[in-house]
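Remarks on the structure that follows.
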Amino acid sequence: MTGHPDAAVLVAGGFSRAIRPQKPVPLSRWMSQNLVLVDGPNAGELWTLAGAPYLGEIADCLSDDHPCNLVTVRKSQQTGASILALGWCLYIADREPANTLYVAPGIDMLRDLNSAKLGPLIKAWHKHIKRTVIAEQTSRSGAGSTTYEKVFPGGRLWLGNANSVMDLSSKTAKKGIKDELSKWQDIPGFGDPETLFEGRFTAFRRTKSYKILEISTPEIDTGDELGEAMGHCRIDRSFKRSDQRFYFLSCPECGSFFTHNPDRFQVDEKHPHRSAYQCDHCGHGITETERVAALKSGDCHWRPTAEGPDRHPGFHIDAFISLMMSYEAIAEDKIKAEKRGERGRKDYSNLTLGRPFRFRGDAPDHEKLMARRDPEVRRGRVPAGGLLLVAGADVQMRGIWLEVIAVGADRQTWTVEVDFLDGDTSQPTGEAFQKLRTATIDRTFQDAWDRPRRIDALAVDAGYRSHVVYSWVRNNQRLHPDTGRDLILAVDGRDGWGHPAIGTPRLVDIDLDGQKVKQGAKLWPVGTWPLKGSFYADLQLLGVMSNQPANPPGYCHFGAWLDEAYFKQLTDERLEDVIVRGRVAGRRWVDTGNNHLLDCRVYNLALAEYLGLSSSTPEEWAALARRRGLPEELSRADLFTPRQEAAADPARDNPNASPGPAAEVTKPAARDGDWIGRDLSNWLD
């Protein structure tokens, strides 16, 4: 201690600074004077509240002079809210020095956060203010900063992994950020990471001088409606316990204040830029120009919508109040989501609306599915629209269940073959596995023009007789001539709602007949629960066989040759609530009988994603169609570009036109390695 009685001099990493009581400065004002943006259209400029006026009140709650201890932000993407958390970290180092714990789900996310966001922000800030506050990242010693620990006078900023017990232990913090909270998962053997996180603030609980910011886009909701049970989306559960603040704008027609209700958003499918919001009070169609003017006018405010004791500030930010988005962009997202089915609706709900999503998962009546069988769907024949051909196999003790389906660019599917391959499965050379090869990778199918087609990928369930499956896959593996990828995938179904359709494979050992082959095969994880929810939603769709004018995206075609046993297996499972101590604690899939062919269908849908169904471009679809030998008039790129036709009024511009489904209006970005595209309108219907 030296000089001023309340001052302390710290020396760290080659810098010194006296800590003295400072006059409070609002966080939003500090950020507008200090935070230099490092990416986006305004890179190199100072952050300003004008670009995100709704962040002002949230920033006020984060200052030390605000009495709250917890702030919850339930948000969509493209709202500018994430920069607030990083700006707060810098503000703490400069104005309110304290140990701060910033936790995100996964070490990769933390590494990217440091290299792409936090590190550049610190450098730009230091350059702007012409002094050093946070020690340079030059060493692993306690004197300087590291990748996961930033040192400043009076405290440290730790970057922690929500999946690591060590990162959530042995630290005492006064400030904290829970980033992407909805993706946090229980740590095996140690329980809830939120409990471990909150334990770091115990020293400040008696005085209630700590402060925590929770910020996340929502995920899948599997809990109770009140959000009080385990299994509920974490950020939504916390938001429901808050005072639930929504941002209110004034209607330019009647002057009444409203907050956006997604159900009142009027999408113009033919002209998305003309989409508007219908005022709750007068019905006026608020345009994009009027929305932007209202947001920039300053005549907007946050309004709590929930009352009661012990409620902390909670904010809902969605695309409707974001100046980075527009009504047109929101309409395009909604159109795109509807074309992708249940999984698309989930993304729209989470990423655009900032709300959790609950899979319906209701199994349709198998007799109704049988009633709409199509005699034109022939066994062993690939229809004209089936540009992908995939096969899924479920290995049992005595035999293998098999389903082969064709998949179209707009997710329509056709059942091509179903069989039970009887025989021994205890050895990779067993009779059933020999039949599997004959029925799949060695078989030639016929397309709509009597040309030969072979399957593009085969998935074999490795959940039973795992090492036999690994050995068979390894011995029969080859690369597909079109994709350059593995033709045969050993797959493993993963229960739970947070898994992707198909994940990153891991190498597994093969131990058979006393011989071990190190890393002898790849094992691909498949997120079965979301795929089942999406498939059951598609089964509910009605098409031409139900007297509808067209078959919608995702429609499932079944041939008249399929029997009742097939449909019973497809509809075998259902979603049911998990009851713990009399309360709903989540939802899970439960089977009621034989579900082998449902498993085959789920693996087939995962293979379609593996081949790029949801991420490739119309140009790639067209190229694939040409390789499949489709006539020139059916393989042009424009045929795979969605038509902008309004389903509600298809004859508005052409009285002779047939009604069609809502069309997607934005072209998705292609990923490296994707060899097909998506969003083919119903050009064959």
Under 6.0 Å from the six-membered ring centre of F445 and within 45° of its axis: does the NZ or CZ of R381 meet both?
-> no

R437 with D442: basic N within carboxylate O range, under 4.0 Å | yes

To the nearest 0.5 Å, atom CD1 of I502 lies from atom OH of Y610 at 7.0 Å

Short question: side chain of W524, backbone of A606 - any donor-acceptor pair under 3.5 Å?
-> no

With V404, which of V390, V382, V416 fulfils side-chain contact (heavy atoms from CB on, under 4.5 Å)?
-> V416

Taking all heavy atoms of H499 and all of G527, pick out the closest pair and write down the distance.
-> CB-CA, 3.7 Å

Steps toward salt bridge (Lys or Arg N to Asp or Glu O under 4.0 Å) verdict (D186, R234) | CA-CA 11 Å; D186 286 359; R234 289 180 184 268; 3.1 Å; yes

So does R372 have more than 12 non-hydrogen atoms from other groups sitting under 6.0 Å from CZ?
-> yes

Rounding to 0.5 Å, atoms CG (N476) and CZ (F433) come to a distance of 9.5 Å

Do side-chain atoms of D419 reach the backbone of L402 as a donor and acceptor pair under 3.5 angstrom?
-> no

Would you call D563 and K568 a salt bridge, using N to O less than 4.0 angstrom?
-> no

Can you establish whether the number of heavy atoms outside Q185 located under 6.0 Å from its atom CD is more than 12?
-> no

Does Q396 offer a backbone N or O that forms a donor-acceptor pair with the side chain of T425 under 3.5 Å?
-> yes

Do the non-hydrogen side-chain atoms of R601 and I405 ever get within less than 4.5 Å of each other?
-> yes

Using a 4.5 Å cut-off on heavy atoms from C-beta on, say whether the side chain of D410 contacts that of Y555.
-> no

Which value, rounded to the nearest 0.5 Å, describes the distance between T528 atom OG1 and D599 atom CG?
-> 8.0 Å

In short, A391 meets I455 closest at the heavy-atom pair CB-CD1, 4.4 Å

Shortest non-hydrogen contact from G496 toward P530 | O-CD, 3.7 Å

Can you see which heavy atom on A331 is nearest to which on V267, and at what distance?
-> CB-CG1, 3.9 Å

Is there a side-chain contact between Q477 and R474, using heavy atoms and a 4.5 Å cut-off?
-> no

Is a side-chain N or O of K435 found less than 3.5 angstrom from the main chain of D422, in a donor-acceptor match?
-> yes

Quick one: does L523's side chain get under 4.5 Å of P505's, heavy atoms only?
-> no

Sidechain N-carboxylate O distance under 4.0 Å for D347, R345 | no

Over all atoms of both residues, closest heavy-atom pair of H366 and F567 | CB-O, 3.7 Å

Can a donor-acceptor pair be found between the side chains of Y566 and E403 at a distance below 3.5 Å?
-> yes

Gap between atom CG of L597 and atom OG1 of T571 - 0.5 Å precision = 11.0 Å

Report the C-alpha distance between V469 and V395 in whole Å, list the side-chain angles of each, state the deciding distance to 0.1 Å, and finish with yes or no for side chain to side chain contact (heavy atoms under 4.5 Å, CB included).
-> CA-CA 8 Å; V469 172; V395 179; 4.0 Å; yes

N/O donor-acceptor pair under 3.5 Å between T217 side chain and S76 backbone = no

List the steps and the verdict of side-chain hydrogen bond (donor to acceptor under 3.5 Å, both in side chains) for R379 and T415.
-> CA-CA 8 Å; R379 186 171 190 171; T415 305; over 6 Å; no

With side chains defined as the heavy atoms from C-beta onward, is the minimum distance between Y536 and L539 less than 4.5 Å?
-> yes

Any side-chain heavy atom of R443 within less than 4.5 Å of one from T438?
-> no

When you check the gap from the basic side-chain N to the acidic O, do D424 and R398 get nearer than 4.0 Å?
-> no

State whether the side chain of R628 and the backbone N or O of L387 hold a donor-acceptor pair below 3.5 Å, judged by distance alone.
-> yes

Side chain to side chain contact (heavy atoms under 4.5 Å, CB included) evaluation trace for R454 with T444 | CA-CA 5 Å; R454 291 183 177 271; T444 298; 3.5 Å; yes

L458 and A393: which non-hydrogen atoms are nearest, and at how many Å?
-> CD1-CB, 4.5 Å

Could you check whether the rings of W414 and H557 sit parallel, tilted or perpendicular, using 30° and 60° as the cut-offs?
-> parallel

Go through L531 and V526 one step at a time and tell me if the side chain to side chain contact (heavy atoms under 4.5 Å, CB included) criterion holds.
-> CA-CA 9 Å; L531 286 173; V526 171; 3.8 Å; yes

Spacing of R355 atom CZ and S349 atom OG [to the nearest 0.5 Å] | 8.0 Å

Below 4.5 Å, heavy atoms only, C-beta onward: do P525 and D492 meet side chain to side chain?
-> no

Taking D486 for the side chain and R478 for the main chain, is one N or O donor matched with an acceptor at less than 3.5 Å?
-> no

Indicate yes or no: at least one non-hydrogen side-chain atom of R485 is less than 4.5 angstrom from one of L479.
-> no

Under the 3.5 angstrom rule, does the side chain of E620 hit a backbone N or O of T617 as a donor-acceptor pair?
-> yes

Taking T440 for the side chain and L436 for the main chain, is one N or O donor matched with an acceptor at less than 3.5 Å?
-> yes

Apply side-chain hydrogen bond (donor to acceptor under 3.5 Å, both in side chains) to the pair D333 and T352, showing each step before the final yes or no.
-> CA-CA 7 Å; D333 285 352; T352 304; 3.1 Å; yes

To the nearest 0.5 Å, atom CZ of F535 lies from atom OG1 of T413 at 6.5 Å

Should Q548 and L542 be marked as a side chain to side chain contact (heavy atoms under 4.5 Å, CB included) after you check the CA-CA gap, both sets of side-chain angles, and the distance that decides it?
-> CA-CA 7 Å; Q548 298 300 309; L542 300 180; 3.8 Å; yes

Under a 4.0 Å N-O cut-off, is there an ion pair linking K346 with E219?
-> yes

Side chain of N551, backbone of V544: donor and acceptor closer than 3.5 Å?
-> yes

Relative to the ring of W401, is the ring of F420 parallel (under 30°), tilted (30 to 60°) or perpendicular (over 60°)?
-> tilted

